**Q** 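Pasting in a structure now, in C-alpha cells, and then I'll have a few things to ask.
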Amino acid sequence: MISDNAKKQIDHWIEKYPQGKQSSAVMEALKIVQAENDNQLTHDSIQAVADYLNMPGIAAAEVATFYENYNHKPVGKHIIRFCHNISCMLNGADDLIAHLETKLGVKTGEVTKDGLISVKKVECLGACVGAPMFQINDKYYENLTADKIDDIVDGLQ
Amino acid sequence: MADIKIEIDGQIVNAKAGETLIAITDREGISVPRFCYHKKLSTSASCRMCLVDIEGVPKPQTSCSTPVSDGMKIHTQNEKAKASQKAVMEFLLINHPLDCPICDQGGECELQDVAVEYGSDVSRFSEGKRVVAASDIGPLIQTDMTRCIHCTRCVRFGSEIAGMMEMGGTGRGEDLKIEPFLAEGITSELSGNMIDVCPVGALTSKPFRYELRSWQMVSNESIARHDLTGSNVYAQTYKGQVKRIVSGDNEAVNETWISDRDRFSYEGLTHENRLLTPQIKVEGQWKEVEWNVALDFAIKGLSNTVLNNRKAHKLGGLASSTTTTEELYLMQKLLREIGCENLDHRLNVNNLDEAIHLESNLKLQALEQVDHALIIGANLRLEQPMINHRLRKAQLSGANITALNVKEFDYNYALNHVSVAPNEIATILAGVLKIVLEKKSIELPEYLSAISPSSSSVELAKDLLNAERPVILLGEHIINNKQAASIAQLIAEIAKQVGANTLNLSISANALGAQHVNFVPNSVGMNVNEMFKAEMRAFLLLDVYPEYDFHHANSAIEALSKEDVFVVSLNSFNNDLVAQYSDVLLPMAAMYETSGSQININHDIQSFTAMVKAPDEAKPAWKVLKVLADLLELPGFHYENSTQILEEFEHQPAHEHSQETAIDLSQQSTAIETVWMHNCYHSDALLRHAKSLSMSTLGQVNSASMNANTAKELALSDGDEYLGVPVDITETVADLCVFVNSNQATNIRSMS
Amino acid sequence: MNEVCFKNLDKDQCWSLETYEASGGYSTWRKILKGEYTPDQIINELKASGLRGRGGAGFPTGLKWSFMPRNAQGQKYIVCNSDEGEPGTCKDRDILRFNPHAVIEGMAIGSFVMNATVGYNYIRGEFIEPFNRFEGALKEAYSAGLLGKNINDTDVSFDLHAHLGAGAYICGEETALLESIEGKKGQPRFKPPFPANVGLFGRPTTINNTESFASVPDIMINGGQWFADLGVENSGGTKLFSVSGHVNNPANFEVSMGMPFSELLELAGGMRNGAKLKAVIPGGSSTPVLTAEAAMGMTMDYDGIDKAGSMLGAGSVIVMDDSTCMVEALTRLAHFYYDESCGQCTPCREGTGWLYRVLKRIMDGKGKADDIELLLGVQEKIMGNTICALGDAAAMPVESFLRNFREEFEYYIEHKKSMVKG
C-alpha cells in the first residue's frame with residue numbers, strides 16, 4: 001500500500017518530531033501516499049498510513065477529512081484550485097471561474113472527461129495582492145485574466 | 001491544593017484552588033447545564049452549555065474548564081450567563097431533529113431536559129436541518145447520528161477509557177460527523193458505556209430499541225456476576241422482565257463503567273431455551289409435572305440409588321460458580337447433611353492435584369496504584385474487563401506492566417509481552433525466584449538447584465525487585481497447565497520475597513463464594529474428576545452444562561449418561577444433552593431473578609434482591625434446595641429468605657485451601673500444549689444465550705491460534721480445524737503451543 | 001519604506017544567506033553564541049521596541065517572551081505561525097519567500113531567550129514555494145553552523161523544522177496550530193492552560209507570527225528605541241500592509257505605523273479607474289468594515305484603526321469601490337467562516353452555517369423582512385461564546401456590514417436584487 005519510496009519520504013518527516021511522536025507526520029504522510037495513488041485517498045490507504053505511524057485508523061481519518069488538501073473522490077491529474085474569496089472576488093474571480101468552466105466543459109468540483117483537470121473553488125490562498133489567482137498543483141498563478149488562463153490551461157498535459 | 005473561598009450566585013462556597021468550577025457547583029448542588037462534560041472524561045469545553053459569568057472577565061467562561069481562584073465571584077444565573085446558555089441551546093436545537101416522540105432517549109435525554117428549561121418555544125431557524133446518513137456500528141449500539149450534538153463524550157470514552165479510539169469526528173465544521181472508521185464498527189469490550197455517556201438519542205441500546213420509555217420501567221440496583229468484579233448495575237424492569245441493564249456507580253468496584261458482557265447478558269433471560277417447567281423422565285419420555293411431583297420424583301430417585309442403602313458416597317454434587325453464594329452454601333449443607341462429601345465447583349480443571357491456590361490480596365482501587373504488574377496467563381481485557389481497566393489506569397500513571405502469555409493479546413495499554421509456551425512458565429518463574437532469593441542471600445530450596453535463570457527470568461526479576469508496589473496476577477490460562485500448582489506456589493513465594501500483592505484471576509464469577517462456603521470435597525470426598533472415574537449412582541447438578549463447563553467433557557457426559565445413574569438437574573436452560581442424561585429437570589431462576597450474593601475480588605459480599613420473578617414455574621434455586629432438604633427431613637433448613645442463609649455463612653471464616661503441594665519442576669512436557677478458553681461472550685450459560693453479544697465482533701471469535709512452525713508440526717494450515725476450531729496462523733503465539741478462543745461447545749477437550 | 005522585514009527586497013537573491021548576512025544578518029545570533037547577550041537584555045530591547053504580535057492579536061512580543069517559564073525542567077518549544085489564510089492577508093508568504101533568514105534568526109533568538117532548543121515553523125500547506133525557500137534557508141543555516149545541537153561547541157542548541165499544513169484556516173489559531181503539529185485535526189484548545197505552560201506535546205511553548213519573528217533581528221541590531229521611533233506611540237515600528245481590492249497597484253507595503261490610510265492608498269496607486277472609495281476592511285476579513293469616510297480619516301496603527309471603529313489585525317487592507325455589492329461581499333465572507341469553522345464548539349459550528357444560509361437566501365431573492373434582525377441576533381449569540389476567536393471573527397463582519405450598509409441589505413430583501421449591481 002505504501003511504496004518504499006513513500007516510506008522514505010515519510011521517515012524524513014518523522015525525524016523532525018520527538019521520539020514517539022511520529023503521528024505528527026500524518027499530514028505529510030497522507031499527502032505522500034495520496035500523490036502516489038492518483039491524487040486520492042481511500043479507506044485502505046488511510047489505514048495503511050495509520051498503521052505505518054502506529055496510530056488508530058480513525059485518528060488518521062479525522063485528519064484526512066478535516067484538511068482541505070486531501071481528495072476522497074477521483075480528481076484530475078492537475079487540480080486547479082481557484083480562489084473565490086473577497087480580494088479575488090473584487091477582482092472578477094467569479095467571471096473567470098465561469099470562463100474556466102466553459103473552457104473546460106466542467107463545473108467546479110468536477111473532472112474533465114479525459115481525467116486531466118479538475119477545478120475546485122477554494123477559500124483564500126493567501127496571495128490577495130495578486131488577485132485574481134489560482135493554484136495548479138504546487139504552483140500559484142496570479143493576476144489572472146481570461147487570456148492568461150487560456151494560455152496556462154492549454155499548456156497542461 | 002489550598003483551601004479558598006469563592007462566591008457562586010451570592011453564596012460563599014469553600015473550594016480548593018485550581019478545582020474546576022463545575023466540580024464545585026455539582027458538589028454544592030448548584031445546577032449548571034452541560035453536555036460535553038463528564039466527570040470521568042477529559043474536558044473538552046466544546047458544547048459551551050455551561051457558560052457562566054465571572055466578575056472581571058469580559059467573556060462568559062465554561063464551568064467545566066475554568067479553574068477557580070480565591071475570591072472569584074461567579075454568576076450562573078444572571079442575565080449574561082443565561083443569555084449565553086440560551087444562545088447555545090438555540091444553536092444546539094437548530095439542527096437537532098424534533099423526533100422526540102420516536103426517539104429511544106426520550107424521557108432520559110439530557111438535551112430534552114435542558115431544553116425545557118433553557119430552550120425557546122419558537123425556533124427562528126427556517127433553513128433545512130442537517131441529516132446524517134445512518135450507519136451500522138454493530139449489534140450492540142444503535143446509531144442515529146442526525147441527533148448527535150457533537151459533545152464527543154463517546155469519542156473521549158473510546159480513547160481514554162476503552163483505550164481504543166474507535167469513534168472519531170470526521171469532516172469539519174457543520175459536516176463534523178461522529179463515526180467509527182472500521183467496517184466492523186465498534187469492537188471494544190466496554191463499548192456499551194458509550195450509550196450511557198451519550199446525552200442524546202444518537203447512541204442507544206440496540207437490543208432495547210423501541211422497547212419502552214425509561215419512565216415506564218422500574219430501576220433497581222443489582223450485581224452483574226460474569227466475572228470477579230461484580231459490577232454494580234441498575235436492572236431496569238417492566239412487567240416482570242429485565243428490559244435493560246445500565247451502569248451503577250461504585251468507586252470501589254466498577255466506578256461508573258460496566259463491560260458489554262454485564263450490560264447485554266440479560267437478553268439470555270428470555271431465550272427460548274429457558275427451562276420453564278419441572279419435568280420428569282418416565283420410561284425415557286419427558287413429562288411436564290407439578291413441582292411437588294418433580295421433587296418427589298427426585299427424592300425417590302435419590303433414595304433408590306444412594307440414600308436408602310447408605311451409599312451417599314455414590315452421590316456427586318456439582319455446581320457452576322455462576323450461582324449465588326446462598327445456593328452454593330445450601331447445596332453443600334444439604335449434601336453434607338446426608339453424608340455426601342463429593343462436591344465440587346472446579347469443573348473446568350484438568351488435574352485437581354495441580355489445583356491453583358493463591359490468594360487475592362489487593363483491592364481494585366489499590367490496583368490503580370501499583371507501579372509494576374506481572375500478568376501471567378491471562379487475556380485480562382476480555383476475561384476481567386474492569387480489573388483490566390484498573391490496571392490500565394495504573395499503566396497510564398506510569399506503571400510498568402509485563403504479560404507472560406502464550407499469545408500476544410491485544411491490550412489497550414502499553415506493556416511488555418513475553419511469549420512463552422505453557423511448559424516454560426514454571427521454569428521461568430523458578431528462575432525469577434532463584435534470582436530474588438540469591439539477591440536476598442536466602443538459602444535456595446532443593447528444587448531450584450538445577451535452575452539456571454533465562455534472560456526472561458532476569459528481566460522479570462529485575463522489574464519485580466525494582467518496584468515499590470508490585471502485583472502479580474495469575475490468570476485463567478494457567479488452570480490446566482501441567483505445573484499449575486507449582487506456578488501458583490512459585491508466585492506466592494516470589495510475592496512474599498519481593499513484597500508483591502497477588503490477584504488470583506484463575507477463577508471467575510462467584511468462585512470466591514464457592515470457596516467461602518467450602519464447595520469442595522474434604523479429605524474423604526471425591527473431586528469432580530474423581531467422581532467421573534468412580535462408579536457413581538446419582539448426581540445433583542446446579543446449573544451445569546457439560547459440553548461447556550467440564551474440562552473432561554466426554555467422561556462427564558459418559559458418567560452422567562449411564563443407565564443406572566440418577567441425575568437431578570437444577571437448570572436455568574435446557575438442551576438436548578441436559579435432557580439426555582437428566583432424570584429430573586428443575587427449572588431455576590437465573591441472574592436478576594433471585595436474591596443472593598456474590599463475593600468479588602475485593603472479598604466484598606455483594607448482596608442483591610430479585611429484580612423480577614423467574615419465568616413460568618422456574619424458582620430460585622435456594623428455595624428448591626431448601627424444599628428438597630425439607631423433603632429429606634434434614635434439620636436446619638428453616639429459611640424464609642436468602643438473607644437468613646447469608647447470615648449463617650457470612651461470618652464463618654473463609655475456608656483456607658492452602659494445601660501445600662511440593663513444588664516439582666522435574667516433569668517437563670515437551671508435547672504441544674493447548675490453552676483452551678471460551679470466547680468471552682460464551683463463558684457462562686446466560687451469556688451463551690444472549691444473542692446480540694454472540695453476534696458482536698468479539699462474540700464471533702472462534703479460532704485456534706498457532707504459529708507457522710506449530711502448524712507445520714501439527715500438519716495444519718489455514719482453513720483446517722484444530723479440535724473442531726478453525727486454525728488461525730499467527731506469529732503472536734509462542735512456539736509449539738496453541739491458544740484456542742472458541743465460541744463453540746466442544747466435547748473433545750479432554751484429549752490433552 | 002521597507003526598513004525591516006523587506007529591507008533587502010530590492011537586492012538580487014534577497015533570500016540568500018549571503019545577502020542576509022551582508023546587511024547584518026545573524027550578527028545578533030552570533031553574539032548570543034559568543035555569550036554576549038542575556039535573555040533579559042533581549043526581552044528588554046523587545047519591550048522597548050513596542051513590537052506587538054503581527055498575526056492579528058497585537059499582544060506585546062517582549063511581554064509574551066517574558067511569560068515563558070524558561071527555567072522549567074524539560075523540553076520547551078518555539079513555534080512560528082506562518083499559516084497565513086485570513087482573506088486579505090498575504091504578507092508572511094512574501095517574508096518567507098524573500099527574507100526567510102530573518103524568520104530563522106528571529107526564532108533562534110527567541111529560542112535562546114526562552115531556553116527552547118527545538119522550533120517549528122508551521123507553513124500553510126499551499127505555500128510550496130515559500131516552504132521551499134524556507135527549507136533552502138534552513139539548509140544554508142545548518143551548513144553555516146548556525147543551527148543544530150551545541151552550536152560551535154557552545155551550550156546553545158537550536159533545531160528548527162518546517163511543518164506543512166494541509167488546508168485549514170483554523171490552524172492559524174495558535175492552539176489549533178499546535179494540535180496540527182501533533183498530527184491531529186486543527187481544533188483549538190480551551191484556555192487556560194495557555195501554551196506558555198502547556199503547549200506543543202504538552203510542553204511550554206511560545207508562538208509568534210512570521211512577521212514578528214522577522215522583525216526581531218533588526219530590532220536587536222538597531223535597538224528597541226530605533227524600532228519604536230519608526231512608528232507611533234503604542235504602535236512601534238513598521239508594519240507590512242497587504243493592500244488588495246480595487247486599487248491600481250495592489251501589493252505588500254512595509255511602512256511606518258501611523259501612516260494615514262490616504263497615504264497608503266496613494267502608495268497602492270489610488271483607486272482603480274478613479275472609482276469612488278466605498279468601504280475598507282483594514283485588518284483582514286474578520287475585522288469590522290469601515291465606510292470610506294471613516295477610513296479616510298484614519299491612521300494605520302493600533303489606536304488609529306481602533307478609533308475609526310475597526311482593528312489593525314494582520315494589516316490586511318481590503319479596498320472596495322462603489323461598484324461593490326455589500327450583500328455579496330458579506331455573503332462571501334460568511335461562506336468563508338462557515339467553510340472554515342472547525343466544528344468543535346456549538347455556537348460556531350451551528351451559527352456560521354446559519355449566518356451563511358440566511359445571507360445566501362437573501363442573495364437568492366428569498367429574503368424576509370426580519371432577516372436583518374435575525375442575522376444581528378445570531379452573530380450576537382456567537383460573539384464571545386466560542387472556544388477560539390473564529391466565532392467572533394465570523395460575527396464581526398456581519399455586525400459591521402449591517403451597521404454601516406444596512407440599506408443595501410434592506411434593499412436586497414425588498415427588491416430581491418442588488419442595490420448596486422441591479
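What you see is a predicted model; the values in this text were computed from it and never measured. Order of the sequence lines fixes the chain letters, A, B, ..., with proteins taken first and strands second; residue numbering starts at 1 for each chain.
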**Q** Considering only NZ, NE, NH1 and NH2 on the basic side and carboxylate oxygens on the acidic side, decide whether C:Glu340 and B:Arg172 come within less than 4.0 Å.
**A** yes
**Q** Name the member of C:Ile382, C:Thr346, C:Val378 that forms the most heavy-atom pairs with chain B at distances under 4.5 Å.
**A**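 Most pairs with chain B among the choices: C:Thr346.
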**Q** Are the charged groups of B:Lys86 and B:Glu90 less than 4.0 angstrom apart, N to O?
**A**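 Result for this pair is no, no salt bridge flagged.
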**Q** So for C:Arg189, is it side chain, backbone, both, or neither that comes closer than 4.5 Å to the heavy atoms of chain B?
**A** neither
**Q** Which atoms of C:Ile170 come close to chain B, meaning under 4.5 Å heavy atom to heavy atom: side chain ones, backbone ones, both, or neither?
**A**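 Nothing of C:Ile170, per the 4.5 Å heavy-atom cut-off to chain B.
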**Q** Please flag which part of B:Glu174 lies under 4.5 Å from any non-hydrogen atom of chain C: side chain, backbone, both or neither.
**A** both
**Q** Do you see a donor-acceptor pair shorter than 3.5 Å between the side chains of B:Ser135 and B:Glu179?
**A**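 On atom types as modelled, these side chains do not qualify, holding no pair under 3.5 Å.
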**Q** Side chains of C:Tyr356 and C:Thr331: is there a donor and an acceptor less than 3.5 Å apart?
**A** no
**Q** Go through the atoms of C:Asp370 and report whether side chain, backbone, both or neither lie under 4.5 Å from a heavy atom of chain B.
**A** neither
**Q** Please identify, among B:Pro67, B:Ser44, B:Ala83, the residue contributing the most non-hydrogen atom pairs under 4.5 Å to chain C.
**A**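 Maximum pair count with chain C is reached by B:Ser44.
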**Q** Can you see whether C:Glu182 engages C:Ser180 through a side-chain donor-acceptor pair at a distance of less than 3.5 angstrom?
**A** no
**Q** With chain C, which of B:Ala45, B:Cys151, B:Gly171 has the greatest number of heavy-atom pairs at distances under 4.5 Å?
**A** B:Ala45
**Q** Within the 3.5 Å criterion, strictly below it, is a donor on B:Arg153 or B:Tyr37 matched to an acceptor on the partner's side chain?
**A** no
**Q** Counting only heavy atoms not in B:Lys73 (residues, nucleotides, ligands), do more than 12 fall under 6.0 Å from its NZ?
**A**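 Open: at most 12 neighbouring heavy atoms sit under 6.0 Å from NZ of B:Lys73.
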**Q** Please flag which part of C:Asp371 lies under 4.5 Å from any non-hydrogen atom of chain B: side chain, backbone, both or neither.
**A**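 For C:Asp371, neither part sits under 4.5 Å from chain B.
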**Q** Which one wins on heavy-atom pair count under 4.5 Å against chain C: B:Gly128, B:Pro58, B:Ala87?
**A** B:Ala87
**Q** Quiz question: by atom type and distance under 3.5 Å, do the side chains of B:Asp53 and B:Asn78 form a donor-acceptor pair?
**A** yes
**Q** Side chain, backbone, both or neither: which part of B:Leu92 has an atom under 4.5 Å from a heavy atom of chain C?
**A** both
**Q** With a 3.5 Å distance limit and no angle check, can you tell me whether B:Glu19 reaches the backbone of B:Lys16 through a side-chain donor-acceptor pair?
**A**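 Flag set: sc B:Glu19 to bb B:Lys16 pair under 3.5 Å.
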**Q** Against chain C, work out which of B:Thr152, B:Asp175, B:Thr43 has the most heavy-atom pairs shorter than 4.5 Å and name it.
**A**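 Maximum pair count with chain C is reached by B:Thr43.
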**Q** Using a 4.5 angstrom heavy-atom cutoff, name the option from B:Leu176, B:Ile94, B:Thr62 with the most pairs to chain C.
**A** B:Ile94
**Q** Side chain, backbone, both or neither: which part of C:Thr386 has an atom under 4.5 Å from a heavy atom of chain B?
**A** backbone
